[in-house]
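We count residues from 1, following the sequence as given.
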Amino acid sequence: MQNQGLREAFSNISTAWMDRMATSPAQLREKMTLFWHGHFACRVRQPGPALSLHNTTRKYALGKFPDLLLAVSQEPAMLEFLNNRQNHKGHANENFAREVMELFTLGRGNYSEQDVKEAARAFTGWSYDGQGNFKFRAPDHDGGPKTFLGRTGNLRGEDVLAIILEQPAAATFLTTKLYRFFVNDTPDPARIAPLADAFRRSGYDIQDLLVRMFSADWFYDPANVGTHLKSPVELLAGIRRTLGVRLDNERPLLGYQKALGQTLFAPPNVAGWPGGRNWIDSSSLLLRLQIPAILFKNADFAVALKQDENDIAPNLSRADRLVKPTAGAHLPLGPLQQLLGATPAPAQPARLSEFLLQTPIQPENLTLVQQAAAQNPVPAEALRNTLISLMSLPEYQLS
């Protein structure tokens, strides 16, 4: 019963976030909250700490990175996940200190093993109380001198984070990761270097960095358009947002998340989801291409979810792990009909492809979409067939 309650609570917060991504006017904040959700990957059994960490990342998602880093590092969920409660004076646990540098700020090769040991000593005493609030336990803190990244003193956790962000490597590491998320999975050092320099000089102002990135002429180069493979969550939330889809029951979407390889609040490990082409394998690609038909035609499609050793309830039967088709997906056609205006029926597939796809549709694919539209003489159903065909193309998987 306890496991069932935990699953229900995580389902509720995941569904609420998916709905927010689909409906919130603050889309950049939600997009960045999703980015930080993968960057500060954390998986805990209790929904309360998970939700607290989530709310913290949303609060600081577009602010100053030093504020975000400190707030996330002091979240009980992160302290628990990375074992800092086991980090005691005289018996340091290095896990938290290592991941803060390797995955959150600097990347491998920009610190030494001795830096990890010294940082771990600085983080001793960082814990939380029974009410889920950060608590510095002074008697458990190692107050001796430490030398970290060339700085010596009676350093505490806050000092370590500040010293990390003094390193140029931190700005480069973070900018590169954001470049891969928003621009292209292949980093371009010539583009990243000036952005990283400006990011560091701004005091790590996240919003300023994004404005510079989105305002650059090269951001809109053909080589950078339509190259980002949508994550499962981006795909599902994007379908709902772009078309104004309303669902009678949103829970099946959580099953599709898992079947496609991205369950919110449950990253595979501390490194998060690898992204890029890792989203695609033979089974997930088939499901991705069929989701529009599943949603808008209640297509008969089911997929058995893979067993996950980290599941709250890992012993579910295969029947309980079966994702069934989603009923009750309402697709309002009015806004699309208004978009099309007086566009003749034969030209509507091409017009809608400009709205839905990031890159020009291939002639052979346009022919297939036109054929699908022509299968039903009823204008509304022809439009529905056009949408499903366009969104079932591989090109729709890209942004």
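Across Thr343 and Gln348, no two heavy atoms sit closer than the pair O-NE2, 3.2 Å. Taking both residues in full, the closest heavy atoms of Ala61 and Trp36 are given as O-NE1, 3.1 Å, listed atom of the first, atom of the second, then distance. Here the shortest heavy-atom pairing between Asp142 and Thr124 reads N-OG1, 2.8 Å. Nearest heavy atom pair, residue Ala237 against residue Met18, reads N-CE, 4.1 Å. Across every non-hydrogen atom of Leu398 and Gly226, the tightest pair is CD1-O, 3.2 Å. Taking all atoms of both residues into account, the shortest heavy-atom contact from Trp273 to Thr263 is CZ2-O, 3.2 Å.
Residue pairs meeting the side chain to side chain donor-acceptor pair (under 3.5 Å) criterion with at least one partner in residues 167-193, sequence neighbours excluded, are His39-Lys177, Arg180-Asp185, Asn184-Asn224.
We find the OG-CG distance between Ser392 and Leu368 to be 11.0 Å, quoted to the nearest 0.5 Å. Rounding to the nearest 0.5 angstrom, the gap separating the CZ atom in Phe136 from the CD atom in Glu158 is 7.5 Å. With values rounded to the nearest 0.5 angstrom, Ser14 atom OG is found 4.0 Å from Gln257 atom CD. With rounding to the nearest 0.5 angstrom, the CG atom of Leu289 is 4.5 Å from the CG atom of Leu285.
Using a 4.5 Å cut-off on side-chain heavy atoms (C-beta onward), Ile294 and Tyr256 make contact. Between Pro47 and Leu6, some side-chain heavy-atom pair lies under the 4.5 Å cut-off. Contact check for Leu229 versus Gln397: side-chain heavy atoms found under the 4.5 Å cut-off. Leu161 places a side-chain heavy atom less than 4.5 Å from the side chain of Phe123. Using a 4.5 Å heavy-atom threshold, the side chains of Leu383 and Leu340 count as touching. Within the 4.5 Å cutoff, the side chain of Val233 has heavy atoms near those of the Leu34 side chain. Considering only heavy atoms from C-beta on, Phe296 comes within 4.5 Å of Val245 through its side chain. Residues Arg45 and Asn3 have side chains in contact (heavy-atom distance under 4.5 Å, counting atoms from C-beta outward).
Phe96 and Trp126 have tilted rings, their planes meeting at an angle from 30° to 60° on a 0 to 90° scale. Note on ring orientation: taking the six-membered ring where Trp is involved, the planes of Phe65 and Tyr204 are tilted (angle from 30° to 60°).
The closest side-chain donor-acceptor pair between Asn55 and Ser52, if any, does not fall under 3.5 angstrom. His141 and Arg137 share no side-chain donor-acceptor pair at under 3.5 Å. Checking Glu234 against His228 by side-chain atom types alone, a donor-acceptor pair falls below 3.5 Å. Between the side chains of Gln375 and Asn385, no donor-acceptor pair of N or O atoms lies under 3.5 Å. Inspection of the Thr56 and Glu75 side chains reveals an N or O donor paired with an N or O acceptor under 3.5 Å.
Within the cation-pi definition used here (under 6.0 Å to the ring centroid, within 45° of the axis), Arg85 qualifies as a partner of Tyr128.
In summary, of the residues considered (Asp208, Asp205, Leu69), a side-chain contact (heavy atoms from CB on, under 4.5 Å) with Lys64 occurs for Asp205 alone.
A salt bridge links Arg251 with Glu8: at least one charged nitrogen is closer than 4.0 Å to a carboxylate oxygen. Salt-bridge annotation for Glu94 and Arg98: present, with a side-chain N of the basic residue lying under 4.0 Å from a carboxylate O of the acidic one. Salt bridge Glu250/Arg240: present, at least one basic N to carboxylate O contact under 4.0 Å. We find that Arg200 and Glu166 are not joined by a salt bridge, their nearest charged nitrogen and carboxylate oxygen being 4.0 Å or further apart.
The main-chain N or O of Asn87 is never found under 3.5 Å from a side-chain atom of Asn93 such that the two would form a donor-acceptor pair. Arg29 places a side-chain N or O within donor-acceptor distance of the main-chain N or O of Arg58, the cut-off being under 3.5 Å. Side-chain atoms of Lys135 never come within 3.5 Å of backbone atoms of Asn133 as a donor-acceptor pair (strictly under, hydrogens ignored). A distance-only check finds a donor-acceptor pair linking the side chain of Ser284 to the backbone of Trp279 [under 3.5 Å].
In this structure, Phe182 has its ring center closer than 6.0 angstrom to the ring center of Phe214.
Surrounding CD of Gln338 are at most 12 heavy atoms belonging to other residues, nucleotides or ligands under 6.0 Å away. With a 6.0 Å radius and a threshold of 12 heavy atoms from other residues, nucleotides or ligands, Lys31 has its NZ atom above the threshold.
Residues Phe199 and Trp218 share a single hydrophobic cluster, defined by chaining ILVMFWY side chains whose heavy atoms lie under 4.5 Å apart. Side-chain heavy atoms closer than 4.5 Å link hydrophobic residues (I, L, V, M, F, W, Y) into clusters, and following such links, possibly through other members, connects Tyr396 to Phe355. There is no path of hydrophobic side-chain contacts, each under 4.5 Å, that joins Ile361 to Val225. Leu333 and Leu295 end up in the same hydrophobic cluster when Ile, Leu, Val, Met, Phe, Trp and Tyr side chains are linked at under 4.5 Å. Residues Tyr220 and Leu28 share a single hydrophobic cluster, defined by chaining ILVMFWY side chains whose heavy atoms lie under 4.5 Å apart.
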